[in-house]
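Below is one structure, written out as structure tokens; comments come after it.
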Amino acid sequence: MKKQVLTGIKPTGRVHLGNYIGAIKPALELAQNEMYQPAYFVADYHGLTKIHDKEEMSQLSRGIAATWLALGLDPEKAIFYRQSDVPEIFELSWILACFTPKGLMNRAHAYKSIVEENAHTGRESDTGVNMGVFTYPILMSADILLFQTDLVPVGKDQIQHVEIARDIAENFNHTYGDTFTLPQHVIEKETAVLPGLDGRKMSKSYNNTIPLFEEPKKLQKLINKIKTDSTPPEAPKNPDDSIIFTLYKEFAAEDQINEMRSRFTSGISWGQAKKELFDVMNARLEEPRQKYNELMETPEKLNEILQAGAEKARQKARPFLEEVKIKIGLQ
Ligand code: TRP
């Protein structure tokens, strides 16, 4: 039996290098292994907790789908779908809600940090919290548990959500006997946090990201914005202290990396280092960028792929949901 691997991306912003290196790339690498059955999806209903603009939602959601495909996801091998096309997820979500202690949701970090921020600024504790935000982890549990997922490749910030899915599954299994597979998170690079333009973690909330499929000219401009110090051009520089080198390592080949490392220690100007970073990044991203642009320009084609994927997902989901409903006495 193949192990089920599943992960989703929510459409709340343009996909950036941090998303790619931290989540998409490792997930696609896992899919190369014949031992795994991958399922990848666009978590559009999760996006709805934040995005309340029709155009923005449809654009961002298509963007996520096109990104997966442009980076090499094979819809023949993986189950690839849009969450909102698989209504079984929401049926299960309600069932799971009835096995979720409210206290577990109170402790979920995204909700908790809004509440803490509100306390800090003297606002009422639930200001800015819709019920989608509050029950977000339940929907994510349904995503995971409906497909009997073994492994969930995610970024560090999502570990708690996968643990919540486990907790909920255990609660259900405890009452009705073994039903849900207990999922495990997979973190590819525990230590590597991709730095953004200012050196802090690359994140939309810090406004320091480099969009993955930025046009070459703009990409070069953004790279030029990377914060550097005032070390003179010919002075030796510590590669391991440099945002430029950290990014370079993600895109260059082994021998290029070694070469660049020694040029840092013998002295390379920041300007030159940035130029070479652009070159390796652009070389790697050129083809996927073109594929991405093509897919964004042919929404019908994208839709067709997603519809076929949703059908595949529902075929797998339906019988299992029936089984669950029989267990709780609803069939
Ligand atoms: N919450 C995840 C994120 O913000 C996205 C997501 C939704 C997800 N459902 C999922 C990830 C199921 C893994 C499995 O990144």
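Remember, it's 1-based here, ligands and their atoms both numbered in the order they're listed.
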(message) Are the side chains of Q158 and V152 in contact, using a 4.5 Å heavy-atom criterion?
(response) no
(request) Say whether Y136, considering both its backbone and side-chain N or O atoms, lies within less than 3.5 Å of an N or O atom on ligand 1. (result) yes
(message) Among all protein heavy atoms in this structure, tell me which lies nearest to atom 4 (O) of ligand 1, with the distance rounded to 0.1 Å.
(response) K10 NZ, 2.7 Å
(request) Check Q83 against ligand 1 and report side chain, backbone, both or neither, counting heavy atoms closer than 4.0 Å. (result) neither
(message) Looking only at distances, can you tell me whether any N or O atom of T7, backbone or side chain, sits closer than 3.5 Å to an N or O atom of ligand 1?
(response) no
(message) Is the distance between the ring centroids of F80 and Y40 under 6.0 Å?
(response) no
(request) Going by heavy-atom distance to atom 2 (C) of ligand 1, choose the closest among Q158, H185, H161. (result) Q158
(message) Under 4.0 Å between a side-chain nitrogen and a carboxylate oxygen: does that hold for E311 and R318?
(response) yes
(message) Taking 4.0 Å as the limit for heavy-atom contacts, which would you say applies to F41 with ligand 1: side chain only, backbone only, both, or neither?
(response) side chain
(request) Considering only non-hydrogen protein atoms, determine which one is nearest to atom 5 (C) of ligand 1 and report residue, atom name and distance to 0.1 Å. (result) G8 O, 3.4 Å
(request) Give a yes or no on whether a salt bridge exists between R14 and E214, defined as a side-chain N under 4.0 angstrom from a carboxylate O. (result) yes
(message) Is any side-chain heavy atom of S242 closer than 4.5 Å to one of K237?
(response) no
(request) From the options V154, D143, I144, select the one whose nearest heavy atom is closest to atom 9 (N) of ligand 1. (result) D143
(message) Suppose I only count heavy atoms of H46 and a 4.0 Å limit; which atoms of ligand 1 are within that range?
(response) 7 (C), 9 (N)
(request) Output the list of atoms in ligand 1 that are nearer than 4.0 Å to some heavy atom of V152, sorted by atom number. (result) 13 (C), 14 (C)
(request) Give the numbers and elements of all ligand 1 atoms closer than 4.0 Å to a heavy atom of A43. (result) 7 (C)
(request) Answer whether the closest heavy-atom distance between the side chains of L28 and L71 falls below 4.5 Å. (result) yes
(message) Using the rule that Ile, Leu, Val, Met, Phe, Trp and Tyr join whenever any side-chain heavy atoms are under 4.5 Å apart, tell me whether I328 and F320 fall into a single cluster.
(response) yes
(request) Using a strict cut-off of 4.0 Å, indicate which atoms of ligand 1 neighbour a heavy atom of L6. (result) 12 (C), 14 (C)
(request) Using a strict cut-off of less than 4.0 Å between a Lys/Arg side-chain nitrogen and an Asp/Glu carboxylate oxygen, indicate whether D240 and R261 qualify as a salt bridge. (result) yes
